[in-house]
Amino acid sequence: MPSPTSGFDRAGGASIGAPLGTPVKVTQGSRTKGGVGESTLRPDGTLKVTGEFAYSSDLWHEDMLWGQILRSTVAHAEIVSLDTSEALATPGVYAVMTYDDLPTDVKHYGLEIQDTPVLAHGKVRHHGEPVAIVAADHPETARRAAAKIKVEYRELPVITDEASATAPDAILVHENRDDHHVGHVPHPNIVHRQPIVRGDADAAAGRADVVVRGEYTFGMQDQAFLGPESGLAVPEEDGGVHLYIATQWLHSDLRQIAPVLGLPENKVRMTLAGVGGAFGGREDLSMQIHACLLALRTGKPVKIVYNRFESFFGHVHRHPAKLFYEHGATRDGKLTHVKCRIVLDGGAYASASPAVVGNASSLGIGPYVVDDVDIEAIALYTNNPPCGAMRGFGAVQACFAYEAQMDKVAKELGLDPVEFRQRNAMEQGALLPTGQRVDSPAPVAELLRRVKAMPLPPERQWESSEGADVRQLPGGLSNTTHGEGVVRGIGYAVGIKNVGFSEGFDDYSTAKVRMEVVAGEPVATVHTAMAEVGQGGVTVHAQIARTELGVAQVTIHPANTEVGSAGSTSASRQTYVTGGAVKNSCELVREKVLEIGRRRFGSHHPAWATAELLLEGGKVVTDGGEVLADLVDVLADEAVEVEAQWRHRPTEPFDLRTGQGNGHVQYSFAAHRAVVEVDTELGLVKVIELACAQDVGKALNPLSVIGQIQGGTTQGLGVAVMEEIIVDPKTAKVRNPSFTDYLIPTILDTPTIPVDVLELADDHAPYGLRGIGEAPTLSSTPAVLAAIRNATGLELDRTPVRPEHLTGT
Amino acid sequence: MRVNFTVNGRPQEADDVWEGESLLYVLRERLGLPGSKNACEQGECGSCTVRLDGVPVCSCLVAAGQVEGRDVVTVEGLAEFARQRAERDRCETASRGDRTAAPGTSLDEARAWQARGSDSQAGEGGELAPIQQAFIDAGAVQCGFCTPGLLVAADEMLEHHPNPTDADIREALSGNLCRCTGYEKIMDAVRLAAARQGEAV
Amino acid sequence: MDFLRPASWEEALAAKAEHPTAVPIAGGTDVMVEINFDHRRPEYLLDLNRVGDLYEWEVGQDSVRLGASVPYSRIMESLRAELPGLALASHTVASPQIRNRGGVGGNLGTASPAGDAHPALLAAGAEVEAESVRGSRRIPIDAFYTGVKRNALAPDELIRAVHVKKADGPQQYSKVGTRNAMVIAVCAFGLALHPETRTVRTGIGSAAPTPVRARTAEEFLEAALEEDGFWDNGKIITPSVAKQFADLCAAACNPIDDVRGTARYRRHAVGVMARRTLTWTWESYRGARRASKGAA
């Protein structure tokens with residue numbers, strides 16, 4: 001049987017760079033199979049390939065009802081009247097609820113700012129806002145009943161951009177703001193504003209030999225996870241409710257749900273159901289409260305499953321942005337200054353907008369050293385769809401613009417774009433515009449060097465003797481070219497993403513680890529509330545437990561709220577923070593196990609008192625490798641259990657005027673080289689190859705690391721050439737809420753993605769690892785855009801690029 | 001209305017089917033086979049792919065009434081289907097394994113999903129179809145929501161094209177969206193399954 | 001909603017006569033989307049899956065009689081020689097799964113301007129065999145599309161088959177979408193050379209309220225080919241003729257702006273596809289001519 005890695009040797013596979021000269025030393029776990037650093041396979045893999053893995057939409061319960069949400073058909077309106085009587089009278093309908101039926105005074109929720117109504121109250125602020133909810137015995141009955149609810153709207157003018165939001169007579173999207181940002185924003189339709197000023201950009205501009213300005217537009221991207229929002233709420237005998245849910249952060253959901261239900265948190269039990277992808281789109285609540293309300297009202301289990309149409313309205317999207325940049329440089333290729341203004345459209349509710357502003361501003365100039373900067377980022381309240389978390393938020397939009405600028409400056413200076421970037425690349429010890437020192441490796445120039453050094457794919461294959469294969473040409477199966485009009489282009493980009501929650505957030509996780517003998521074997525059980533959304537956290541937790549406890553068998557307990565918070569599966573943080581918590585709890589368990597060993601066997605061998613003891617291969621051994629005891633004998637019938645919190649180094653908020661502060665804890669860097677072929681006459685693009693080099697600190701599971709990089713890269717490709725939620729500027733209504741018209745890349749749109757992984761340890765992080773999930777999503781998009789510019793000679797200041805932009809039509 | 005058809009080799013009867021219901025709904029909500037996934041309901045993602053009389057189709061676009069008397073294979077029956085295919089030459093009539101029908105996944109099953117002792121092991125899945133094992137081994141599964149549909153489509157392709165080129169694989173799987181992997185590991189998995197299939201012959 | 005399951009064509013016609021509002025469903029690739037998304041709740045669904053002869057085709061002397069439900073994947077595999085344009089068009093339809101279910105009857109029944117088969121049928125020259133309990137008739141494809149998503153069928157009629165002329169010369173088909181697979185046409189173009197009659201026919205999709213032919217372009221090209229004896233001398237078509245043809249094809253469009261593309265782009269792209277498909281078909285014609293000469 002070939003080894004599991006036998007498929008990776010071919011072109012388009014991936015390689016892990018050699019570890020950088022660390023001497024071989026026997027340390028805890030280094031001799032235990034299936035530990036950290038190996039490509040062990042997913043514990044949920046078998047269930048996922050047999051169809052048995054229970055996603056939230058697969059759950060079923062005796063007597064279960066189906067919930068349905070009635071959503072607003074207009075973006076901004078007062079609700080003049082709302083009549084549910086006919087819906088309620090429909091046979092098979094068990095409950096219809098509106099704002100007036102909410103059980104407590106808490107009627108809003110939100111991640112940071114509680115501005116989102118559970119059900120609309122007198123007003124709707126965006127297209128698709130929930131107005132009423134129905135529970136019935138069949139989804140079709142629920143749909144028909146919801147359609148019978150009569151809502152009369154009086155439409156209001158829509159606010160759709162910065163001009164309409166900040167006009168002197170602008171309607172306020174939220175009339176009576178009392179959140180903690182309202183005091184420092186210039187207009188109540190601005191959620192948050194973060195300036196970052198360092199040095200004197202105006203003075204530095206005077207030293208510049210070239211100054212380049214640009215105005216960029218980033219379209220609204222959707223997470224488009226394949227498993228639509230869904231969950232099952234089961235009422236419990238104690239008056240509480242148990243919610244089985246696909247989410248990114250159980251405890252954050254819990255904090256928002258319980259007050260609306262009027263229940264203490266211990267009466268709202270939450271269990272993570274199978275999650276069909278997330279990418280930020282499950283950080284906010286969707287149907288959670290609605291399902292619980294209906295379950296408590298009817299006394300029956302209620303399942304809600306969005307369809308794809310509803311999913312486009314049921315979660316926040318990536319902030320579309322307008323970005324204004326000015327870069328200056330001297331003839332010798334050194335940046336003098338950067339000024340930028342980033343305007344993010346947060347839509348109707350705040351969601352993660354403040355944090356998106358923090359990232360966009362603090363990472364606004366990219367992984368470059370510039371002493372004189374003047375940055376401003378704002379997020380607007382508008383009547384567009386609410387925007388919030390999506391992979392790489394804030395940093396993604398900025399990277400698209402600053403990398404376009406870097407190419408422009410390089411061109412202006414007549415320098416190679418990679419060379420120009422390398423001359424300005426940050427290194428360890430550099431200062432960010434926030435004044436924070438980067439205190440871990442920052443191999444920006446090296447990543448660019450590596451990605452540039454990769455071999456290029458062959459050219460003009462359509463001229464081969466076998467003739468053109470349309471599947472490898474722009475247009476693909478649609479047979480639009482046999483090589484005519486096709487021009488190749490190459491582009492580069494690099495980005496920087498913060499890892500973990502920044503700006504003073506208490507970013508911790510909790511892990512409960514238990515060790516005991518089961519069926520004659522030592523077994524570790526790892527219990528966290530971490531949301532496994534596909535990233536492979538469960539795989540890594542088992543590896544960490546093996547490494548730290550020297551066992552073969554690890555059971556991953558289902559994630560629920562019976563254990564403390566794990567924080568969010570976002571911000572590339574879970575392997576760092578919950579991985580760190582698992583490691584920490586394992587270490588505490590190990591100490592206790594060794595204590596038991598000393599108590600029981602200490603008198604048998606002097607090494608129990610003198611040597612450094614390790615747990616390896618189910619045994620207690622000395623660092624010299626001498627076996628002292630079997631874990632089975634040490635533990636006997638005792639179980640050792642530890643539940644402990646673990647947190648990374650604290651961060652600070654940014655100063656609201658200057659943006660100075662040690663806001664971040666870690667950074668993640670990736671570089672891409674895109675090779676594209678563009679049918680210049682039809683404006684169709686085929687990405688031929690998208691090579692990536694990324695520093696991951698330490699690859700805990702190389703197979704998963706490469707999978708994350710390739711997946712993130714592809715999402716960046718999507719927003720470069722096809723993905724955009726189109727909102728009508730006149731009505732603020734979404735025009736393409738379907739997979740027919742919101743296109744994500746198919747396998748024929750996705751090129752080979754060779755990956756070069758660098759492992760430079762961050763000494764502050766567990767095992768030296770870096771959060772990796774988001775960085776590849778940053779540089780992928782600007783690399784593709786740069787390649788298209790290279791092929792066509794066009795400026796292209798917006799993403800995604802559409803055929804009409806490439807053909808001037 | 002009532003619909004009688006065969007699923008994974010076993011006769012099934014669904015009662016009280018609403019006329020607008022899809023085959024996907026009947027499989028998931030009435031027959032206890034939620035392996036086929038509902039991700040778009042408009043034939044634009046392939047997550048619900050099943051074989052209808054041997055042909056891969058989107059079960060979301062087949063009206064339940066249209067499957068009367070027909071034969072359906074879902075991801076739940078894929079391993080057995082592949083095993084029987086492999087044994088067909090020996091004319092062996094194997095007994096067909098199947099899940100007992102209960103609508104959806106019960107909460108007890110759902111709660112138990114992760115509580116297994118060890119990781120999926122490479123190349124060891126005696127009960128899995130070769131394509132299923134290859135998906136695990138190659139790291140082609142992340143969130144896994146697209147996986148059932150991809151497995152059905154890829155298995156059917158390998159049945160007809162045992163030595164596909166990369167372009168063939170891409171074309172055959174162009175109706176199945178995946179949002180997590182960037183497809184590279186899926187390509188690896190199909191190549192791996194094809195290579196193993198070749199070795200086995 | 002009622003689900004009607006006729007076991008034969010006669011039963012299907014009787015059912016449609018009794019319930020003229022019944023919505024026929026075969027591949028389901030249009031109808032089920034509308035039902036799944038609550039856009040349509042027909043009183044009756046008329047399932048045609050059990051009507052076996054809708055899945056059959058016959059290759060005759062001059063034309064192919066293609067059952068309305070023959071899946072696109074079968075057209076791609078089995079009728080590439082006889083119906084090359086339609087086979088190419090079939091290959092661009094949605095995804096392999098959809099091509100396994102959908103057939104030309106569905107495209108015609110829905111009559112969406114974006115239906116992939118239309119430009120190929122227009123270019124090849126086809127007749128729609130429609131039937132009701134009142135009798136059978138053949139509707140020329142040029143008269144079939146009567147408006148946006150409207151066709152010439154009477155309420156009691158069903159599409160039984162399409163009669164498409166067998167290719168007597170090269171045919172091509174191109175479609176623009178913003179994705180390399182599984183995409184609805186932004187616009188599409190079909191071209192068929194008919195050396196036997198020394199005519200050319202075109203078809204344009206998604207660039208007007210209905211699928212249309214570029215008749216002025218066809219006439220121009222026919223005249224140009226005739227004038228300089230191109231059919232006989234097999235010379236390369238001059239760039240100016242190709243450009244004029246392309247411009248006239250673009251001018252035949254009457255497109256709109258929508259989420260899939262702008263009207264201006266559609267007109268432009270139809271022109272580019274017209275020029276390219278003319279080059280491909282003409283090169284193929286010249287190649288075939290040279291080959292037959294060589295053989296003789």
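Here is how names work: the chains are called A, B, and so on, in the same order as the sequence lines, proteins then strands, and each is numbered from 1.
Looking at A:Arg735, the atoms closer than 4.5 Å to chain C (heavy atoms on both sides) sit in the backbone and in the side chain alike. For chain C, the nearby part of A:Val685 is the backbone; its heavy atoms alone come within less than 4.5 Å. Neither the backbone nor the side chain of C:Val93 comes within less than 4.5 Å of any heavy atom of chain A. Using a 4.5 Å cut-off between heavy atoms, A:Ile726 touches chain C through its side chain atoms alone. Contact of A:Arg144 with chain C is made through the side chain alone, with heavy-atom distances under 4.5 Å.
A heavy-atom distance below 4.5 Å is found between the side chains of A:Arg143 and C:Arg41. Using a 4.5 Å heavy-atom threshold, the side chains of A:Glu804 and C:Asp257 count as separate.
With values rounded to the nearest 0.5 angstrom, A:Gln68 atom CD is found 8.0 Å from C:Asp38 atom CG. Distance check, rounded to the nearest 0.5 Å: OG of C:Ser95 to CG of A:Leu748 gives 11.5 Å. One distance of note links CG of A:Leu477 with CZ of C:Arg99; it measures 6.0 Å at 0.5 Å rounding. Here A:Thr807 contributes atom OG1 and C:Tyr265 contributes atom OH; the two are 6.0 Å apart, rounded to the nearest 0.5 Å.
Results of the side-chain contact (heavy atoms from CB on, under 4.5 Å) test with C:Arg260 over A:Leu743, A:Asp741, A:Asn736 single out A:Asp741 as the only residue that passes.
Contact tally against chain A (heavy-atom pairs below 4.5 Å) for C:Arg179, C:Arg266, C:Gln172, C:Met273: the top residue is C:Arg179. Among C:Thr279, C:Asp258, C:Thr262, the residue making the largest number of heavy-atom pairs under 4.5 Å with chain A is C:Thr262.
The stretch residues 77-91 of chain C places C:Leu88, C:His91 near chain A, each with some heavy atom under 4.5 Å from a heavy atom of that chain. Proximity to chain C among residues 478-488 of chain A is limited to A:Ser478, A:Asn479, A:Thr480, A:Thr481, A:His482, A:Glu484, A:Gly485, judged by heavy-atom separations below 4.5 angstrom.
In this structure, C:Asn180 contributes its side chain and A:Asp749 its backbone to no donor-acceptor pair below 3.5 Å.
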